[in-house]
Every structure is written in structure tokens, then in C-alpha cells.
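Side chains are part of it too, since the values below use all heavy atoms of this structure and drop only hydrogens, waters and symmetry mates. Each residue takes its place number in the sequence, starting with 1.
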Amino acid sequence: MAQSLLHSASLAGIRCSTPPSDKWSNICRLISSHNKHPMETKATQSSSVASSTTSFGSSNKTVWVWTESKQVMTAAVERGWNTFVFQSQKLADDWSSIALIDPLLIKEGGIFDSKNSRVATVVEVSNPKELEELQPENGVAENVVVDLLDWQVIPAENIVAVFQGSQKTVFAISKTPVEAQVFFEALEHGLGGVVLKVEDVQAVLDLKDYFDRRDEVGNILSLTKAIVTGVQVAGMGDRVCVDLCSLMRPGEGLLVGSFARGLFLVHSECLESNYIASRPFRVNAGPVHAYVAVPGGKTSYLSELKAGKEVILVDQKGHQRTAIVGRVKIETRPLILVEAKRDSDDQTIYSILVQNAETVALVCPKKENGGQKTAIPVTSLKVGDKIMLRLQGGARHTGIEIQEFIVEK
């Protein structure tokens with residue numbers, strides 16, 4: 001039924017005006033792309049391999065999709081991945097008639113484009129000897145697609161090391177988004193691309209979500225200078241220490257606050273102290289109720305963090321990176337309440353409770369002459385001191401910012 005509708009609509013040159021969320025609009029969007037002028041289509045197809053390239057932090061990664069599911073194809077095209085690998089010429093022709101894609105055919109140990117030119121050499125690696133034989137000078141194509149069969153991490157790292165500096169792009173066949181993540185992160189640099197071989201739409205959605213989270217790293221968060229308006233001992237409470245799988249540098253910490261509308265930059269314990277040894281992997285973040293910034297523009301309660309979850313590390317200039325939680329410790333400790341405003345005329349108050357200890361500090365603005373500290377210990381904090389805030393929408397639903405009336409105090 002859907003195929004006949006597609007064919008009829010394609011012949012009629014239908015243009016759709018239904019809302020983007022409507023399922024039929026997805027089909028019509030593909031058709032309308034196909035109804036472009038032939039010269040425009042040809043020019044677009046010539047660069048469609050490049051259009052399957054996605055920003056990945058400071059570099060780019062390429063995703064080719066290998067599937068027989070039309071739903072997977074639709075999801076991939078809508079997310080900018082237009083290069084598809086086929087085993088059947090008929091399926092490649094059928095899909096090319098309903099969507100603007102770049103079809104590649106896998107055969108005879110290689111991958112070929114629509115002009116039957118080899119664009120990649122396919123290599124199976126199942127043992128150390130075959131891995132050792134995989135060298136940049138072998139193979140005639142500019143791309144190498146590696147099928148690592150039952151093993152992943154060590155071969156991927158070896159391949160990244162061997163092909164470092166080579167002009168060839170190495171792809172790995174990946175059957176899940178998690179496998180793709182392993183390939184993209186091997187030895188920090190990762191492989192140049194993956195061939196995502198899946199029949200499940202969710203796999204495409206999860207991989208795109210992973211790219212979006214990684215791409216956030218290249219964005220600079222806007223931080224605001226704020227003036228401390230109150231410092232008050234608050235009594236006992238359950239506070240959360242967040243131990244990460246990454247080492248933090250001076251000026252880095254977690255964004256934490258009692259209200260999502262304003263998060264304080266709480267410094268890590270990376271600075272030397274007379275009281276305790278430096279722990280550059282730790283942030284003594286605040287009580288269990290507090291919000292903490294996590295990837296995707298979301299927040300989480302500190303009490304919800306656990307080993308394996310991701311948080312955002314931010315420095316004084318707003319540079320951010322993701323880090324994995326290795327351990328969370330919740331213990332009863334004395335707390336101190338800190339309140340701040342953007343300026344003396346501002347009526348909005350932002351607040352945070354943290355442990356009343358010399359090792360807990362809030363990041364302060366960085367001066368050009370370098371005359372000010374990186375952070376101020378909360379035990380030394382006083383009214384009039386300047387600290388850094390991240391201002392954002394206050395209303396949240398399951399950590400996601402929403403537009404609604406809300407009063408928090």
C-alpha cells in the first residue's frame with residue numbers, strides 16, 4: 001500500500017504541507033526531494049557521500065547505512081545520512097526512485113557506486129594475522145571497510161594507529177550504536193566512519209543522539225557573572241560527591257544549583273590544599289535535591305547520578321566536555337547556603353547549598369591580568385564576591401526544559 005502511494009505521489013509531483021510530525025509528511029518529503037531538476041539531482045548525488053558526514057567534536061565522521069528496512073532508510077535520510085549500502089541492485093534502484101540517496105553496491109570484495117567505480121575495499125579481520133596484514137598501502141580504493149566480526153576494541157585501536165596520517169578513510173561495519181561508539185572513540189581519534197548495518201529505526205535515532213551530544217563539546221556555554229548576596233550556615237544534609245572517570249583542570253567543574261534557572265559552577269577538588277590531598281577527579285557538588293547539568297541541554301538531580309551516567313564539565317570560559325561518572329558518594333555533612341544575583345537591581349535570586357568545607361569552592365570570573373583566583377572556597381565566600389552562573393529556562397520536566405509558568409524559591 002505504502003509503495004503504491006509513493007509511486008503515485010512521485011508521478012504526480014506532490015508537495016506536502018502537513019506538519020513535520022505527521023508520518024505521511026516524512027514520505028512526501030522524500031518524494032519532493034526526488035522531484036528536483038535533473039541537473040540539481042546530479043550535482044547533489046555527486047556530493048552525497050560527503051553529505052553523510054557528521055560533525056563530531058573537532059572532527060568529522062562518516063556514516064553509511066546498510067539496511068533493507070524502508071523505515072530505517074527514512075529515519076537516516078531525515079538525519080542527513082544519505083549513503084546506503086545494498087547487496088541487491090533491484091533494492092538500490094527501487095529506493096533511488098523514491099528518495100534522493102547515494103546507493104552503493106557491495107560485491108566481489110568491494111563497494112561500488114552507481115557508475116560501477118570502486119569506492120571502498122572490504123576486508124574481513126578475524127585473527128591477529130589478518131589484522132597485521134591490514135596496511136594503508138594495500139587496497140586500491142580511497143576507503144577501506146573493515147568487518148571485525150566478533151572482536152572490536154583492540155583491533156579498532158590498532159587500525160587507528162596504523163592508518164594515522166594516511167589519506168584513506170577506514171570504516172568499520174557496526175551492528176549497534178554502541179559498537180559504532182567504540183569505533184569512533186578508539187584511541188581518542190577513532191575510525192573515520194562506520195557502516196551501520198541495522199534493521200531497527202531506534203539504532204539510527206540513538207546514533208544521531210550520540211553525535212548530537214558529542215557535537216555539544218564544540219559549543220561554548222554562555223556563563224554570567226553574578227554577585228554573592230548572601231552566605232548562611234544551613235545545618236545538616238545529605239550531600240553528593242561526584243567522582244568522574246576524567247581528570248579536571250583548574251577552572252573546571254560541574255554546573256549545579258537549587259533551581260534549574262541558575263546553575264553555579266562548582267569547582268573540582270583539583271587544587272592543592274593544606275587540608276587534604278588533591279582529588280582532580282572529584283566534585284563535592286551539593287545536596288541530593290540539587291540540579292546538575294548533563295548532555296543534551298538537560299538537567300538531572302544529583303541523587304539520580306550513578307556509575308556510567310554522563311555529566312558536563314565546564315570551565316571559566318564556558319568550554320565544555322562530557323565526562324562519565326565513576327562513583328557517587330552520598331553522606332550527611334554540614335551545609336552552607338549561597339545566594340546570588342546578576343546585579344543589585346535584579347529581583348531574581350539564584351541559590352545553591354554545598355558542604356561547608358574548605359575544599360568546596362565556586363568558580364569566579366577570570367580576569368585578563370590573571371590577578372584573581374580560579375575559585376573561591378565557600379568558607380571564605382562573602383557578600384559582594386563575584387562567581388559564575390549558567391542562566392537558562394527554569395521549568396523542567398524529567399530534566400528537559402519546557403515552557404510553562406513556574407515559581408521556585
Side-chain angles (χ1 to χ4, degrees), residues 57 153 178 181-182 185 188 210 213-214 216-217 221 223 234 236-258 260 263-316 318-338 352-364 373-381 387-388 390 399:
V153 180
V178 176
Q181 181 174 338
V182 171
E185 295 180 353
E188 295 190 29
Y210 166 69
R213 287 187 283 113
R214 285 299 301 257
E216 285 181 348
V217 175
L221 284 179
L223 299 180
M236 303 295 287
D238 295 332
R239 72 93 176 96
V240 181
C241 262
V242 183
D243 292 348
L244 302 175
C245 299
S246 301
L247 297 177
M248 286 169 276
R249 300 178 286 269
E252 278 188 317
L254 296 177
L255 290 170
V256 183
S258 294
L263 302 181
F264 292 68
L265 187 49
V266 182
H267 202 271
S268 74
E269 295 187 6
C270 68
L271 301 177
E272 294 296 331
S273 167
N274 295 326
Y275 305 98
I276 195 170
S278 170
R279 293 184 173 92
F281 55 84
R282 173 171 295 171
V283 178
N284 190 333
V288 288
H289 78 282
Y291 288 110
V292 60
V294 296
K298 301 177 182 178
T299 57
S300 175
Y301 294 119
L302 283 175
S303 59
E304 294 176 333
L305 294 183
K306 59 182 179 180
K309 294 199 74 171
E310 288 185 328
V311 292
I312 294 176
L313 292 179
V314 182
D315 69 9
Q316 286 173 303
H319 298 114
Q320 60 177 314
R321 58 188 177 111
T322 57
I324 299 170
V325 175
R327 172 178 54 241
V328 169
K329 296 200 307 176
I330 302 177
E331 299 162 314
T332 302
R333 294 290 187 267
L335 301 177
I336 187 170
L337 172 66
V338 179
I352 185 174
L353 286 122
V354 289
Q355 182 179 341
N356 190 0
E358 291 84 356
T359 53
V360 182
L362 299 180
V363 176
C364 52
K373 300 177 182 178
T374 300
I376 305 174
V378 294
T379 52
S380 304
L381 203 61
I387 47 86
M388 301 300 292
R390 165 65 176 169

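For the pair Val311 and Val294, the minimum side-chain heavy-atom distance is below 4.5 Å. In this structure, Cys270 and Pro250 have side chains that are in contact, with non-hydrogen atoms separated by less than 4.5 Å. Residues Asp238 and Pro287 fail the side-chain proximity criterion, which asks for heavy atoms closer than 4.5 Å.
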Show, in sequence, the C-alpha distance, side-chain angles and deciding distance for Arg390 and Leu221, and conclude whether the side chain to side chain contact (heavy atoms under 4.5 Å, CB included) test is met. CA-CA 8 Å; Arg390 165 65 176 169; Leu221 284 179; 3.6 Å; yes

Residue pair Leu255, Val266: steps toward the side chain to side chain contact (heavy atoms under 4.5 Å, CB included) verdict: CA-CA 6 Å; Leu255 290 170; Val266 182; over 6 Å; no

Give the C-alpha distance, both sets of side-chain angles, the deciding distance and a yes or no for side chain to side chain contact (heavy atoms under 4.5 Å, CB included) between Leu313 and Leu244. CA-CA 10 Å; Leu313 292 179; Leu244 302 175; 3.5 Å; yes

Show the numbers, then the answer: is there a side chain to side chain contact (heavy atoms under 4.5 Å, CB included) between Gln316 and Thr374? CA-CA 8 Å; Gln316 286 173 303; Thr374 300; 4.2 Å; yes

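Between Gly251 and Val363, the closest heavy-atom pair is O-CG2, 4.0 Å. A pairwise comparison of heavy atoms in Asp315 and Leu265 identifies O-CD2, 3.7 Å as the closest pair. Among all heavy-atom pairs drawn from Ile312 and Leu254, the shortest one is O-CD2, 3.4 Å. Here the closest heavy-atom approach between residue Ser258 and residue His289 is recorded as OG-NE2, 3.3 Å. Minimum heavy-atom separation, Arg239 to Asn284: CD-OD1, 3.1 Å. Nearest heavy-atom pair, Ala293 versus Leu263, reported as atom, atom and distance to 0.1 Å: CB-CD1, 4.1 Å.
Taking OG of Ser300 as the reference point, atom CG of Leu305 lies at 4.5 Å (rounded to 0.5 Å). Taken from OG1 in Thr299 to CD in Glu304, the straight-line distance is 8.5 Å, to the nearest 0.5 Å. Between the CG atom in Asn356 and the CE atom in Met236 there is a gap of 10.5 Å [rounded to 0.5 Å]. Atoms CD and CZ, from Gln355 and Arg333 in turn, are 6.0 Å apart once rounded to the nearest 0.5 Å. Rounding to the nearest 0.5 angstrom, the gap separating the OG1 atom in Thr359 from the CD atom in Glu269 is 4.5 Å. Atom OG of residue Ser246 and atom CZ of residue Phe281 lie 12.0 Å apart, to the nearest 0.5 angstrom.
The list of salt bridge (Lys or Arg N to Asp or Glu O under 4.0 Å) pairs with a residue in residues 242-254, not counting sequence neighbours, reads Asp243-Arg282, Asp243-Arg327, Arg249-Glu252, Glu252-Arg321.
Each of Ile336, Val256, Leu381 was scored for a side-chain contact (heavy atoms from CB on, under 4.5 Å) with Val354, with one residue passing: Ile336.
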